[in-house]
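These notes are about the structure you will find just below.
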Protein chains: 2
Amino acid sequence: MPYYRKKETSQIVEKGWAEFVGFLRQRGDRITHSRYIVFRRVLGQAEHFRADDLAARLISGPDRVSRGTVYRTLGLMVEAGFVRKVRGDDRHSHYEPVYGRGRHEHMICNRCGGIIEFEEPKIEPFIAEKCRELGFSASGYRVTVTGCCSNCKKDGAGLE
Amino acid sequence: MPYYRKKETSQIVEKGWAEFVGFLRQRGDRITHSRYIVFRRVLGQAEHFRADDLAARLISGPDRVSRGTVYRTLGLMVEAGFVRKVRGDDRHSHYEPVYGRGRHEHMICNRCGGIIEFEEPKIEPFIAEKCRELGFSASGYRVTVTGCCSNCKKDGAGLE
DNA sequence: ATTACTGCAAAGCATTTGCAAATGC
DNA sequence: GCATTTGCAAATGCTTTGCAGTAAT
């Protein structure tokens with residue numbers, strides 16, 4: 001990854017961290033080194049990640065953070081709106097950073113497990129309208145398409 | 001529930017069962033009493049249910065089926081397209097019957113946990129188009145809106 | 001000084017699995 | 001009869017939790 005790219009990412013992370021600090025202060029929670037480590041690492045994720053993977057990596061990193069703390073911090077970050085849970089179809093918790101990233105939806109390949117992101121802004125108005133109609137205050141929404149990606153269609157034979 | 005209603009439901013279940021039998025035969029799998037019990041019970045569910053709840057109920061029913069079998073049969077039913085997994089945000093598996101029911105989406109209230117179903121057929125074409133564009137063969141899709149339902153807005157004070 | 005947080009390791013718990021007995025074909 | 005299923009119970013493995021020590025305020 002070119003240096004300038006890294007710099008950009010890093011700036012976003014710092015900005016986010018400042019907001020997270022605000023969130024924690026407001027709740028009377030403490031600003032700790034461990035939380036900083038987890039926060040950086042999470043926002044640095046380019047894509048979806050598994051909580052247990054993240055924990056495993058952080059446990060053996062130079063700035064080690066324990067499993068429990070990783071999970072606890074992840075919970076805080078969800079509450080603060082920096083990440084969201086995604087696709088709980090299997091036994092693991094999946095998350096993805098949402099801070100500083102555009103809205104997008106997901107296609108999940110049942111064959112290879114890959115996740116493709118796509119944008120479809122035209123959907124949003126329909127959802128907003130339905131919410132109005134039903135008196136529902138939406139905090140967010142998620143569109144997930146399941147099936148088989150183009151790569152897997154190439155090699156594998158069967159359907160689905 | 002009035003009798004005629006029950007009769008209708010029951011007819012749908014029987015029709016579905018006939019299809020499921022076809023599905024199993026085709027795979028060389030067997031038609032068993034346990035599978036019938038689980039199948040009936042699942043299609044009879046009016047709404048979403050938790051796999052572990054269902055298992056617990058079936059274990060202590062008059063036609064008892066073991067936990068393992070419930071999970072295994074549920075898996076078959078997903079493969080056959082009679083049910084789908086829904087909202088895996090917590091630690092439990094949630095399912096809902098889809099056979100004989102119209103396509104619909106979900107709103108999930110973060111306050112009371114309630115699930116509201118709604119229909120929005122206008123979304124489908126956009127998804128189909130995206131799939132074409134990306135060479136993705138969709139087997140299905142899911143739209144989930146999260147937030148706070150009108151009921152909860154009434155009593156509770158806070159946001160979200 | 002207080003009080004919250006962390007690391008650790010043990011506990012939880014829904015789901016999966018191995019195996020002997022039962023059952024469908 | 002033979003192969004698949006079932007029930008059982010134990011194993012799995014991600015996540016949560018209790019506790020004593022540590023760090024933030």
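Proteins get letters first, then strands, A, B, ... in listed order; numbering begins at 1 in each.
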- Message: Does Arg27(B), at its CZ atom, have more than 12 non-hydrogen atoms belonging to other residues, nucleotides or ligands within less than 6.0 Å?
- Response: yes

- Task: Not counting sequence neighbours, which residues clear side chain to side chain contact (heavy atoms under 4.5 Å, CB included) with Thr32(A)? List them please.
- Result: Arg30(A), Ser34(A), Arg35(A)

- Under the side chain to side chain donor-acceptor pair (under 3.5 Å) test, residues paired with Asp63(B) that sit two or more places apart: none

- Message: For Thr146(B), is there any backbone N or O sitting under 3.5 Å from a side-chain donor or acceptor partner on Ser139(A)?
- Response: yes

- Item | Separation of dG7(C) P from Ile37(A) CD1 (nearest whole Å) | 10 Å

- Task: Please state whether the phosphate of dG7(D), meaning OP1 or OP2, lies under 4.0 angstrom from any side-chain nitrogen or oxygen of Ser34(B).
- Result: yes

- Query: Listed by chain and number, what are the ring pair (Phe, Tyr, Trp, His ring centres under 6.0 Å) partners of Tyr36(A), not counting sequence neighbours?
  - Reply: Trp17(A)

- Query: According to the salt bridge (charged side-chain N to carboxylate O under 4.0 Å, His left out) rule, which pairs have a member within residues 49-58 of chain B, sequence neighbours left out?
  - Reply: Arg50(B)-Asp52(B)

- According to a strict under-4.0 Å criterion, is Ser93(B) in side-chain N/O contact with OP1 or OP2 of dT15(C)? yes

- Message: I need the residues from residues 52-70 of chain A with at least one non-hydrogen atom less than 4.0 Å from DNA chain C; give them sorted by number, or say none.
- Response: Arg64(A), Val65(A), Ser66(A), Thr69(A)

- Ser66(B)/Ile59(B) under side chain to side chain contact (heavy atoms under 4.5 Å, CB included): CA gap, chis, key distance, verdict: CA-CA 6 Å; Ser66(B) 75; Ile59(B) 284 173; 5.6 Å; no

- Message: What is the separation between atom CZ on Arg50(B) and atom P on dT15(C), rounded to the nearest whole Å?
- Response: 8 Å

- Message: Please enumerate all residues that pass side chain to side chain donor-acceptor pair (under 3.5 Å) together with Tyr95(B), with sequence neighbours excluded.
- Response: none

- Not counting sequence neighbours, which residues clear side chain to side chain donor-acceptor pair (under 3.5 Å) with Tyr141(A)? List them please. Arg103(A)

- Message: Please list, in numerical order, the residues of residues 74-82 of chain B that have a heavy atom closer than 4.0 Å to any atom of DNA chain D.
- Response: none

- Task: Identify the two heavy atoms, one from Cys131(B) and one from Val145(A), that lie closest to each other, and give their separation to 0.1 Å.
- Result: SG-CG1, 4.1 Å

- Message: Is the ring pair Phe39(B)/Phe20(B) parallel, tilted or perpendicular, if the boundaries are 30 and 60 degrees?
- Response: parallel

- Heavy-atom nearest nucleotide on DNA chain C taken for Tyr71(B) and for Asp29(A); more 5' hit belongs to Asp29(A)

- Indicate yes or no: does Glu14(A) engage Arg40(A) in a salt bridge with an N to O separation below 4.0 Å. yes

- Message: Quick one: does any side-chain atom of Thr69(B) pair with a main-chain N or O of Val65(B) as donor and acceptor, under 3.5 Å?
- Response: no

- Query: Passes side chain to side chain contact (heavy atoms under 4.5 Å, CB included), Leu134(B) versus Met107(A)? Steps please.
  - Reply: CA-CA 10 Å; Leu134(B) 297 166; Met107(A) 291 177 178; 3.7 Å; yes

- Item | Summary of protein contacts for nucleotides 19-24 of chain C, nucleotide by nucleotide, where a base hit scores B, a sugar-phosphate-only hit scores S (4.0 Å, heavy atoms) | -----B

- May I ask you to list the residues of residues 19-27 of chain A, by number, that have any heavy atom positioned under 4.0 Å from an atom of DNA chain D? none

- Residue pairs involving residues 117-126 of chain B (criterion side chain to side chain donor-acceptor pair (under 3.5 Å); sequence neighbours excluded): His104(B)-Glu117(B)

- Query: For the helix from dA1(C)-dT25(D) to dC25(C)-dG1(D), what angle lies between the axis at the first five pairs and the axis at the last five pairs, to 10 degrees?
  - Reply: 40°

